[in-house]
Amino acid sequence: MVYLDIGLLGPFTVSVDGVSIVPSAAKQRRLLALLAVGGGREMSMAAIAEELWEGCPRPARRPLCRRM
């Protein structure tokens, strides 16, 4: 079994089986934090896009934002 630890209070930390894997890209860190705060609840792409890009991202990033 793999152990995943996400720290949200203080510095943002992510580790898998004790190995740090915090991504350097801000959007990836923000997405991981958003999903962790969600507590395992399902989240729509529209809700994720609203949080990450305040709606839909600029045209070059739209493939990342699947329309519902």
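Just so we're clear, the structure is a prediction, and the values are computed from it rather than from any experiment.
Inter-residue side-chain proximity for Pro23 and Leu32 is flagged as met; some heavy-atom pair is nearer than 4.5 Å. Side-chain contact between Val14 and Asp5: absent, with no pair of heavy atoms (C-beta onward) separated by less than 4.5 Å.
The CG atom of Leu31 sits 9.0 Å away from atom CE of Met43, with the distance rounded to the nearest 0.5 Å. Atom CD of residue Glu50 and atom CG of residue Leu34 lie 11.5 Å apart, to the nearest 0.5 angstrom. Between Met1 atom CE and Asp17 atom CG the span is 10.5 Å, to the nearest 0.5 Å.
Clustering ILVMFWY residues whenever any of their side-chain heavy atoms sit less than 4.5 angstrom apart, transitively, puts Val2 in the very cluster that holds Ile6. When the side chains of ILVMFWY residues are joined at heavy-atom separations under 4.5 Å, either directly or via intervening members, Leu9 and Leu4 end up in two distinct hydrophobic clusters.
The backbone N or O of Ala25 lies less than 3.5 Å from no partner atom in the side chain of Arg30, so there is not a single donor-acceptor pair. Arg29 contributes no side-chain N or O that, together with a main-chain N or O of Phe12, makes up a donor-acceptor pair within less than 3.5 Å.
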